Amino acid sequence: MDPRIDAREQLVVALDFASAQPALALVERLDGQCRWFKVGLELFLAEGHSIVSTLRERGFQVFLDLKLHDIPNTVANAVRSVSRCGASLLTVHAGGGANMLAAAARAAADLSDPPTLLAVTVLTSMSDGELVGVGVHAAMKEQVLRLGRLALAAEIPGLVCSSDEAGFLRNHLGNSPLLVVPGIRARGGALGDQHRVATATEAIAAGASKLVVGRPITRADDPAAVYEAMLREIVEATSGKR
Ligand code: C5P
């Protein structure tokens, strides 16, 4: 297969916009290139299921990043409710605990065409200091591994982590979990609120399955050029691993 087609499956653009209009304007600018878009809280709370259906009707895969975190019954019902819109990936917070994760996994398993669930471990915006601030004194990698194990034991097949932990997770958890890595930046690019960042090359080398890129593409003067540059990095990093 053309390695660029595989790489397109690995590169997800985060549509972090306040309404459908600017989001779909960016989608137009990347049409013919990008296959995967992420809809997060900002856009979903503004537009609801319709934005996901619109993207699906236009032939795109949708990663619905709602980071569900509530009591098990509520999260299970939310998984059922939101799955009707046709997203391929859906996030829950691993910090919700074993029972919440298991309830989410069971709810998805009972659906006819469920999204693949991903558990968010520790947000890529969090530093070691912030982890201590919420009462976690474990090292970042250990905490991410702990939450990752909790999610996999609950039959959640994928994890969201930073590139810093991806290699460590691969060593401990093997090749099967889907590892989705946000916090991707060009070398020297603006971090914004992110702390644990990496280039696309570094994240793929560390074992990421998919990369999530928001502002470096959405705020670029030429989003299509940045998308293509990241795609090239993925192709080269993947061939470097073979
Ligand atoms: O603009 P930027 O590239 O930092 O966007 C990263 C995207 O990935 C955002 O939509 C953010 O919500 C999401 N995300 C993250 N860290 C996580 C999980 C999701 O940055 N742990």
Side-chain angles (χ1 to χ4, degrees), residues 2-47 50-67 87-89 91 120 123-127 160-164 166 180-206 208-240:
D2 179 349
R4 293 169 65 82
I5 295 175
D6 280 346
R8 282 183 214 286
E9 289 299 313
Q10 293 180 279
L11 186 50
V12 182
V13 175
L15 294 175
D16 291 325
F17 292 102
S19 69
Q21 199 241 334
L24 294 175
L26 183 82
V27 168
E28 292 275 305
R29 292 185 76 176
L30 296 176
D31 203 5
Q33 295 177 290
C34 184
R35 293 204 18 81
W36 277 87
F37 289 103
K38 184 171 87 71
V39 173
L41 280 175
E42 183 186 8
L43 186 56
F44 192 78
L45 292 177
E47 301 289 348
S50 71
I51 185 68
V52 181
S53 316
T54 302
L55 291 166
R56 294 290 296 133
E57 280 155 19
R58 295 186 187 187
F60 300 108
Q61 300 287 332
V62 178
F63 170 5
L64 189 53
D65 188 17
L66 299 185
K67 300 189 180 72
S88 303
L89 295 172
T91 46
V120 177
L123 294 169
T124 47
S125 56
M126 286 188 82
S127 60
V160 182
C161 63
S162 89
S163 177
D164 290 356
V180 176
V181 173
I184 302 300
R185 294 292 181 269
R187 194 164 298 289
L191 300 191
D193 54 354
Q194 298 282 21
H195 267 98
R196 299 183 348 269
V197 300
T199 63
T201 304
E202 288 163 344
I204 292 293
S209 322
K210 285 192 195 299
L211 311 184
V212 175
V213 185
R215 288 161 289 184
I217 290 178
T218 58
R219 301 214 181 148
D221 292 336
D222 186 349
V226 179
Y227 180 92
E228 282 302 318
M230 289 207 172
L231 200 67
R232 264 196 313 278
E233 275 194 60
I234 294 175
V235 171
E236 280 162 22
T238 306
S239 64

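Here the structure is a predicted model, which is why all the values come from computation and not from measurement.
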Donor-acceptor under 3.5 Å ([X] side chain, [Y] main chain):
X: Gln61; Y: Arg35; result: no
X: Arg196; Y: Ser127; result: no
X: Thr91; Y: Leu66; result: yes
X: His195; Y: Ser125; result: yes
X: Glu47; Y: Ala20; result: yes

Pairwise side-chain contact, [X] with [Y], heavy-atom cut-off 4.5 Å (strictly under):
X: Asp222; Y: Val226; answer: no
X: Met230; Y: Pro216; answer: yes
X: Lys210; Y: Leu11; answer: no
X: Lys67; Y: Leu41; answer: no
X: Leu64; Y: Val52; answer: yes

| Are the charged groups of Arg219 and Asp16 less than 4.0 angstrom apart, N to O? | no

| Would you call Glu202 and Arg187 a salt bridge, taking side-chain N to carboxylate O under 4.0 Å as the test? |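 Yes, Glu202 and Arg187 are salt-bridged.
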
| task | Determine, step by step, whether Ser209 and Val180 satisfy the side-chain contact (heavy atoms from CB on, under 4.5 Å) criterion, reporting the C-alpha distance in whole Å, the side-chain angles of both residues, the deciding distance to 0.1 Å, and the verdict. | result | CA-CA 6 Å; Ser209 322; Val180 176; 5.6 Å; no

Closest approach of [X] to [Y] (non-hydrogen atoms, all atoms of both residues):
X: Ser88; Y: Trp36; result: CB-CH2, 3.6 Å
X: Ile184; Y: Val212; result: CG1-O, 3.7 Å
X: Ala208; Y: Leu211; result: CB-CD2, 3.6 Å

| task | Would you give the length of the straight line joining atom SG of Cys34 to atom CZ of Arg8, rounded to the nearest 0.5 angstrom? | result |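 The SG atom of Cys34 sits 8.5 Å away from the CZ atom of Arg8.
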
| What's the spacing between Ser50 OG and Glu57 CD if we round to 0.5 Å? |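 It comes to 9.5 Å.
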
| task | Using the test side chain to side chain contact (heavy atoms under 4.5 Å, CB included), find all partners of Arg232 that sit at least two apart in sequence or belong to another chain. | result |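 Arg4, Glu228, Ala229.
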
| message | Could you check whether Gln194 and Thr124, counting side-chain N and O atoms only, form a donor-acceptor pair closer than 3.5 Å? | response |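 A pair is found: one side chain offers a donor N or O, the other an acceptor, under 3.5 Å apart.
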
| Val12 and Val213: CA distance, side-chain angles, deciding distance, side-chain contact (heavy atoms from CB on, under 4.5 Å) verdict | CA-CA 6 Å; Val12 182; Val213 185; over 6 Å; no

| request: Under the salt bridge (charged side-chain N to carboxylate O under 4.0 Å, His left out) rule, collect the residues that match up with Lys38, sequence neighbours excluded. | output: Asp65

Expected list for residues 23-31: side-chain donor-acceptor pairs under 3.5 angstrom, two or more places apart:
residue	atom	partner	partner atom	Å
Arg29	NH2	Asp221	O	3.2

